[in-house]
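Taking it in order: structure first as structure tokens, then the write-up.
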Amino acid sequence: MMVIDNKYEFGQKVYVVTDPDQHARQVTEIQVKPGGGIVYEVSYIAGVSHHYEFELTPEPDPVIKTQ
């Protein structure tokens, strides 16, 4: 039996750590890769992007947003 230990849930609001505007995105898909890696699809308006767990955060970074 495989146990998936995902950090983020479907529908959760997240932020991409490298996004200078720190726009909120929503988790819309969770992909489990061979070897146990997890990739999250996140949506913002009409676009989607894919990110590993370390690229996302549940809170915006005000320092990045003000630069």
Side-chain angles (χ1 to χ4, degrees):
M1 173 169 66
M2 177 188 285
V3 176
I4 302 168
D5 187 21
N6 50 301
K7 184 174 181 179
Y8 304 107
E9 301 292 331
F10 290 109
Q12 184 174 350
K13 185 189 310 182
V14 294
Y15 301 84
V16 177
V17 297
T18 56
D19 175 16
D21 297 317
Q22 292 293 284
H23 292 294
R25 291 164 166 80
Q26 187 173 32
V27 176
T28 52
E29 183 177 292
I30 300 172
Q31 302 173 5
V32 179
K33 301 294 187 179
I38 298 176
V39 175
Y40 296 88
E41 177 185 88
V42 296
S43 299
Y44 172 69
I45 303 179
V48 298
S49 56
H50 298 86
H51 302 276
Y52 289 101
E53 219 169 67
F54 66 87
E55 297 177 287
L56 301 172
T57 180
E59 300 294 329
D61 186 336
V63 174
I64 291 175
K65 191 171 184 174
T66 58
Q67 291 181 356

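Not measured: the values here are computed from a predicted model.
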Worksheet entry | Residue list, side-chain contact (heavy atoms from CB on, under 4.5 Å) with P34, at least two apart or on another chain |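 Listed in chain order: nothing, the list is empty.
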Discussion item. Testing V48, L56, T28 one by one against V42 for a side chain to side chain contact (heavy atoms under 4.5 Å, CB included), which residue passes?
Written reply: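 Exactly one option meets the side chain to side chain contact (heavy atoms under 4.5 Å, CB included) with V42, and it is L56.
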Discussion item. Suppose we screen for ring-ring contact (aromatic ring centres under 6.0 Å, His included). Which residues come up paired with Y15, at least two apart in sequence or across chains?
Written reply: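 ring-ring contact (aromatic ring centres under 6.0 Å, His included) check on Y15 returns nothing, list empty.
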Over all heavy atoms of both residues, which pair between [X] and [Y] is shortest? Give the atoms and the distance, please.
{"X": "V27", "Y": "Y8", "answer": "CG2-CB, 4.1 Å"}
{"X": "I38", "Y": "N6", "answer": "CD1-CA, 3.8 Å"}
{"X": "Q12", "Y": "P58", "answer": "NE2-CB, 4.2 Å"}
{"X": "S49", "Y": "R25", "answer": "OG-NE, 4.2 Å"}
{"X": "V17", "Y": "Q22", "answer": "O-NE2, 3.9 Å"}

Worksheet item: Taking the hydrophobic residues Ile, Leu, Val, Met, Phe, Trp and Tyr, and joining any pair whose side-chain heavy atoms are under 4.5 Å apart, which ones share a cluster with I45?
Response: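 When side chains under 4.5 Å apart are linked, the cluster holding I45 also contains Y44.
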Worksheet entry | Apart from Y52 itself, residues in the same hydrophobic cluster as defined by side-chain heavy atoms under 4.5 Å |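 Joined to Y52, directly or through intermediates: V39, F54.
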Worksheet entry | Any I30 side-chain heavy atom under 4.5 Å of F10 side chain |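 Sidechains of F10 and I30: in contact.
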Worksheet item: So, the side chain of D21 versus the backbone of H23: is there a donor-acceptor pair under 3.5 Å, distance only?
Response: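 Between the backbone of H23 and the side chain of D21 there is no qualifying donor-acceptor contact (under 3.5 Å).
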Worksheet item: Just by distance, do the side chain of Y40 and the backbone of K7 share a donor-acceptor pair under 3.5 Å?
Response: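 Flag set: sc Y40 to bb K7 pair under 3.5 Å.
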Item to complete: Would you list the pairs meeting salt bridge (charged side-chain N to carboxylate O under 4.0 Å, His left out) in which at least one residue belongs to residues 33-59, sequence neighbours left out?
Response: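 Listed once each, the pairs would be none.
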Practice prompt. Quick one: list whatever passes side-chain hydrogen bond (donor to acceptor under 3.5 Å, both in side chains) with E29, sequence neighbours left out.
Written response: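 Listed in chain order: Q31.
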